[in-house]
S.K.: 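First the structure, then my questions, so here it is.
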Amino acid sequence: MNTNTSEAIAAILQERAKQLDRFPVEQDDRYAPGELGLAAAQLLGATSEGGPAWIAHAKEKWKEDRRQRLIIAGALIIAELEYLARNGQ
């Protein structure tokens, strides 16, 4: 694994840790299956002008730069995978 890959993965894991500090896994479990993954996909399609409003607590994230949106989306994908693991999928 090269340095850039290691740094990218570290940034995503750090973002996931920040998410867990702000929002417990119980909050993740309130979303419907696939909803966190969909949020990641929509975040990737967001522009600096904004994105979907269905996740109100994340509205400020739509204004992040492209790299930061990728990091946040990666962390949301991890959250979705964790959700699936907790639910035996």
Side-chain angles (χ1 to χ4, degrees):
M1 192 176 318
N2 69 41
T3 303
N4 290 334
T5 301
S6 297
E7 289 174 4
I9 292 169
I12 291 169
L13 293 175
Q14 182 179 22
E15 174 61 29
R16 181 63 186 140
K18 287 195 295 188
Q19 290 173 355
L20 289 169
D21 285 343
R22 292 187 309 249
F23 309 106
V25 294
E26 293 81 14
Q27 182 165 336
D28 288 350
D29 290 343
R30 291 185 208 140
Y31 293 109
E35 209 165 13
L36 293 166
L38 180 60
Q42 289 181 329
L43 183 57
L44 293 174
T47 67
S48 60
E49 302 304 313
W54 64 271
I55 299 183
H57 69 266
K59 279 179 108 171
E60 73 277 4
K61 297 302 177 201
W62 309 124
K63 295 185 180 194
E64 298 285 351
D65 66 38
R66 175 92 173 131
R67 181 180 187 280
Q68 190 59 34
R69 288 194 311 266
L70 287 165
I71 291 167
I72 295 167
L76 287 169
I77 290 168
I78 291 172
E80 182 70 30
L81 290 167
E82 291 169 347
Y83 174 91
L84 292 173
R86 284 192 304 279
N87 290 284
Q89 298 180 28

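Because the structure is predicted, anything quoted here is derived from the model rather than measured.
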S.K.: Taking all non-hydrogen atoms of both residues into account, name the closest pair between T5 and N2 and its distance.
M.R.: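 Here T5 and N2 meet closest at N-OD1, 2.7 Å.
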
S.K.: S6: which residues meet the side chain to side chain donor-acceptor pair (under 3.5 Å) condition with it, sequence neighbours left out?
M.R.: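 By the side chain to side chain donor-acceptor pair (under 3.5 Å) rule, S6 matches no residue at all.
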
S.K.: Run the numbers on V25 and R86 for side chain to side chain contact (heavy atoms under 4.5 Å, CB included), then give the verdict.
M.R.: CA-CA 10 Å; V25 294; R86 284 192 304 279; 3.8 Å; yes

S.K.: For the pair E80 and L38, evaluate side chain to side chain contact (heavy atoms under 4.5 Å, CB included) and give the outcome as yes or no after the intermediate values.
M.R.: CA-CA 9 Å; E80 182 70 30; L38 180 60; over 6 Å; no

S.K.: Give, for atom CG of L44 and atom CD of Q42, the distance between the pair rounded to the nearest 0.5 Å.
M.R.: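 Answer rounded to 0.5 Å: 10.0 Å.
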
S.K.: Apply side chain to side chain contact (heavy atoms under 4.5 Å, CB included) to the pair Q68 and E15, showing each step before the final yes or no.
M.R.: CA-CA 9 Å; Q68 190 59 34; E15 174 61 29; 3.7 Å; yes

S.K.: Between E82 and L36, is any pair of side-chain heavy atoms under 4.5 Å apart?
M.R.: no

S.K.: Should D28 and R16 count as an ion pair when the cut-off is N to O under 4.0 Å?
M.R.: yes

S.K.: Taking side chain as C-beta onward, heavy atoms only, is I12 less than 4.5 Å from I77?
M.R.: no

S.K.: Taking the side chain as every heavy atom from C-beta outward, state whether L76 and Q19 have any pair of such atoms under 4.5 Å apart.
M.R.: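 Yes. Closest side-chain heavy atoms under 4.5 Å.
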
S.K.: Considering only heavy atoms from C-beta outward, does the side chain of T3 approach that of E7 to under 4.5 Å?
M.R.: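 Yes, side chains in contact.
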
S.K.: So, for A73 and A40, which heavy atoms are closest and what is the spacing to 0.1 Å?
M.R.: O-CB, 3.4 Å

S.K.: State, to 0.1 Å, how close Y31 and Y83 come at their nearest heavy-atom pair, and which atoms those are.
M.R.: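 Minimum heavy-atom contact is O-OH, 3.6 Å.
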
S.K.: According to a 4.5 Å side-chain heavy-atom criterion applied to Ile, Leu, Val, Met, Phe, Trp and Tyr, with indirect links allowed, do I78 and I9 form part of one hydrophobic cluster?
M.R.: yes

